[in-house]
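Quick caveat: nothing in here was measured; it's all calculated off a predicted structure. A note on names: the letters A, B, ... follow the listed sequences, proteins ahead of strands, and every chain is numbered from 1.
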There are 2 protein chains.
Amino acid sequence: MSDTAVLRRFNRSYTQRIGALEDSFLGTGRPLGENRLLFEIGASPATTQELRERLGLDSGYLSRLLRALEADGLVEVSPDPADRRRRLVRLTSAGAKTWEELERLSEQRALRLLEPLTARQRVRLTEALGVADLLVRAATVSLETVDPTSAYAREAMDRYYAELDERFPHGFVPDPHTDDDDASLRAPVGAFVVAVSDGRPVAGGGVRDYGHAAEIKRMWVDGGWRGAGLGSRLLRHLESLARGLGHTTVRLDTNETLLDAIAMYDRAGYDRVDRYNDNPYATHFFQKQL
Amino acid sequence: MSDTAVLRRFNRSYTQRIGALEDSFLGTGRPLGENRLLFEIGASPATTQELRERLGLDSGYLSRLLRALEADGLVEVSPDPADRRRRLVRLTSAGAKTWEELERLSEQRALRLLEPLTARQRVRLTEALGVADLLVRAATVSLETVDPTSAYAREAMDRYYAELDERFPHGFVPDPHTDDDDASLRAPVGAFVVAVSDGRPVAGGGVRDYGHAAEIKRMWVDGGWRGAGLGSRLLRHLESLARGLGHTTVRLDTNETLLDAIAMYDRAGYDRVDRYNDNPYATHFFQKQL
DNA sequence: ACATATCTCTGACTGTAGTCAGACATCTGG
DNA sequence: CCAGATGTCTGACTACAGTCAGAGATATGT
């Protein structure tokens, strides 16, 4: 069977058996949409804005769902003191109880599915689903060009800096942040890209103009996502953006402690070149013709 | 992470990503229900009755869906000559074309999911999904006690005989079929059980009375389902039926060429005993105290 | 031949999901 | 302080999925 045939066969049998159960709102008498929202709020209280983002809902629709949950006494909505246009949502104690009930039902359903299997089969299924989960997540990460001042970009860069600070023997202190720096990473001369999964940035990197060539900056991949091919994918994406910006050469610097990054650049066809800047943290320099 | 946590995590991320895509069958401008129906008819033309059964639809709803597909010129509905209350449904040539288009879109979507993955990752994902598919199917197989003259039972036995005929060096010819034989495999003295998946029997076996003990007969597991633990599960089920019939001993015979069956009986706690019948095809005899 | 069962179809509903266009409140940069 | 941007909410819709109660045609057993 071909790859796609396996995937399609799995999809068919899985959604028919498990997905169908999911739809039945878990027998709570509450519509699926409300339950999904309730579950999401329970996982971590948030502003309506974040909820909209995470669940991909229309603002009017979300408002109505919140109103329904509020009417049932399950959630409390209050203005955000920091910005009173925004609203904070959190579960009431009745809501928390209902949330736990949903948890319980969901757990029960999972158990019922596993119950006919032997211990060995459960282990096999669990392992297989774990692998499939990682790879499906990896395959559906979306690469988005964002403004360098956006929350996603800031988080990606902050985590990049934090990682360097941890990896470098004497720590890492980024240059003071400037508006010019931001401008260099947005159109028409550059771009910043984040890989988003479940509304969280899991990788990021920028491309900018640097002396008649493109330079790739601040590439970072979340620790839990190493080995999922995300770095190479992001690198290829940044290269194609560089091409789109009119460049035929792309260069970058990195540090000797970042072994996996160096290996990745080697694999991706980059040549080692002489130092081309005075970045005190850089020890290795790479270049590639597009 | 516990087994259920892995399953639930997978379910969440999978349905969010792939399930969501599945709904977008709307890429065709046709509602999901109509597409599902069209797909089902394309897979094998049928009476409305069968379609209702297979898809679990209300008769009024199905009628309306058919009317819509008919209006689009995709299906033809005609009275069944054998029973003119019934109606036969089949695709028109335009319908067949649309069906192929659905196939193409589905294939494309599967490809798009796999596309970001490297070749090695695809292999890993495909293997994982293959294992998961088998086990999820196995876990949701339903064991049903059926009459030995029913279509399911007949199919299970016929395939059992066919397999023996293929495996035995000199073939296999079953004893002439008798009504007594059927009666021995139904209440109050026996039972015949089939494992059903997607409306097809995938395993089967009977238990009957044999000289103050229960005897398990004609146990068969579909070739594609070996290794899914279905045999052991069916065996345990038959043992519990034997207990319900008032027996404390269960025995069975088998042939030396059926190595996996023999291994299964050993694992299930059966002891090898002397020949207790004159079945010319039997070479190994087992017994177990319940 | 007749009562009864079976099968399909139509009309009349309900509930859920989701979209879109503003109204209104609040924040932010100049 | 004001203009424009941002965030939330309401009203008015649409589409889809599904249910239920008969009506009417056709088969079946006695």
Side-chain angles (χ1 to χ4, degrees), chain A residues 15-16 19-20 22-41 46-72 75-90 147 149-151 179 182, chain B residues 15-16 19-20 22-41 46-72 75-90:
Chain A
T15 51
Q16 217 168 62
E22 195 62 32
D23 276 1
S24 76
F25 336 148
L26 301 166
T28 56
R30 206 181 309 285
L32 179 58
E34 289 178 28
N35 273 337
R36 264 202 307 166
L37 179 56
L38 189 64
F39 192 86
E40 196 65 32
I41 297 168
T47 63
T48 54
Q49 213 176 5
E50 287 168 331
L51 290 172
R52 240 176 40 226
E53 179 107 351
R54 292 215 296 257
L55 293 171
L57 301 174
D58 172 84
S59 79
Y61 184 32
L62 174 60
S63 180
R64 236 174 285 274
L65 287 175
L66 283 174
R67 222 53 54 231
L69 291 177
E70 215 172 17
D72 288 354
V75 304
E76 262 174 11
V77 181
S78 55
D80 181 344
D83 179 344
R84 295 183 38 230
R85 287 172 304 185
R86 283 192 194 148
R87 323 215 63 192
L88 295 174
V89 186
R90 66 168 202 280
D147 193 89
T149 59
S150 69
D179 287 349
D182 285 340
Chain B
T15 51
Q16 217 169 64
E22 197 60 31
D23 277 1
S24 77
F25 250 126
L26 299 173
T28 56
R30 205 181 311 284
L32 179 60
E34 288 179 28
N35 275 335
R36 264 202 306 167
L37 179 57
L38 189 64
F39 193 85
E40 197 65 33
I41 297 168
T47 64
T48 54
Q49 213 176 5
E50 287 168 332
L51 291 172
R52 241 175 39 227
E53 178 110 351
R54 292 215 296 257
L55 294 171
L57 301 174
D58 173 85
S59 77
Y61 184 30
L62 174 60
S63 179
R64 235 174 287 274
L65 287 175
L66 283 174
R67 222 51 56 232
L69 291 176
E70 212 173 19
D72 288 355
V75 305
E76 262 174 10
V77 181
S78 54
D80 182 345
D83 180 343
R84 294 186 36 233
R85 289 172 303 183
R86 284 194 193 146
R87 323 215 64 191
L88 296 174
V89 186
R90 66 167 202 281

Over how many whole Å does the gap from A:Leu57 atom CG to D:dT8 atom C1' extend?
14 Å

Considering non-hydrogen atoms only, spot the tightest contact between B:Asp58 and B:Arg52 and give its length.
C-CD, 4.1 Å

Tell me whether the OP1 or OP2 atom of D:dC16 has a side-chain N or O from B:Arg30 closer than 4.0 Å.
no

Between atom CG in B:Asp58 and atom P in C:dT10, what is the gap in whole Å?
14 Å

Derivation of the side chain to side chain contact (heavy atoms under 4.5 Å, CB included) call for A:Leu51 and A:Leu57:
CA-CA 8 Å; A:Leu51 290 172; A:Leu57 301 174; over 6 Å; no

Could you state the CD-P distance from A:Glu50 to D:dT8, rounded to the nearest angstrom?
10 Å

Measuring to OP1 and OP2 of D:dG7, would you say a side-chain N or O of A:Arg52 lies under 4.0 angstrom away?
no

Could you tell me whether the side chain of B:Arg85 has a donor or acceptor atom within less than 3.5 Å of a complementary atom in the base of C:dT6?
yes

Quick one: is D:dT8 close enough that its OP1 or OP2 comes under 4.0 Å of any side-chain N or O from A:Ser59?
no

From CD of B:Gln49 across to C1' of D:dT26 the rounded distance in Å is 13 Å

Residues A:Pro81 and A:Leu88: closest non-hydrogen pair is CD-CD1, 3.9 Å

Considering all heavy atoms of both residues, which atom of A:Asp80 and which atom of A:Ala82 are nearest to each other, and what is their separation?
OD1-N, 2.8 Å

Measure the distance from OH on A:Tyr61 to C1' on D:dC13 and round it to the nearest whole Å.
15 Å

Please list residues of residues 63-72 of chain A whose heavy atoms come under 4.0 Å from any atom in DNA chain C, ordered by number; otherwise none.
A:Arg64

Would you say B:Leu37 and B:Leu55 make side-chain contact, with heavy atoms under 4.5 Å?
yes

Residues passing the salt bridge (Lys or Arg N to Asp or Glu O under 4.0 Å) test with A:Glu40, sequence neighbours excluded, are A:Arg54, B:Arg12

With a 4.0 Å cutoff (strictly under), does any side-chain N or O of A:Arg86 reach OP1 or OP2 of C:dA25?
no

Here the distance between atom P of C:dT16 and atom CG of A:Leu37, to the nearest Å, is 15 Å

Counting heavy atoms from C-beta on, name the nucleotide in C:dA17, D:dT8, C:dC7 closest to the side chain of B:Thr48.
C:dC7

Heavy atoms under 4.0 Å, any strand shown: does B:Asp83 hit a base, just sugar-phosphate, or nothing?
sugar-phosphate

So which atom in B:Leu38 and which in B:Leu69 form the shortest heavy-atom distance, rounded to 0.1 Å?
N-CD1, 4.2 Å

Length of the CG-C1' vector between B:Leu62 and D:dC20, whole Å:
16 Å

Value in whole Å for how far the P atom of D:dC9 lies from CZ of A:Arg84:
14 Å

Need one value for B:Gly60: base, sugar-phosphate or nothing, where a base atom within 4.0 Å counts as base even if backbone is also close, heavy atoms only.
base

Would you mind classifying the nucleic acid contact of A:Thr47 as base, sugar-phosphate or nothing, using non-hydrogen atoms under 4.0 angstrom?
nothing

Sequence neighbours left out, what pairs pass salt bridge (Lys or Arg N to Asp or Glu O under 4.0 Å) with at least one residue falling in residues 63-72 of chain A?
A:Arg30-A:Asp72, A:Arg67-A:Glu70

Starting at the 5' end of DNA chain C and moving along, which residue's nearest nucleotide shows up first, A:Arg36 or A:Asp80?
A:Arg36

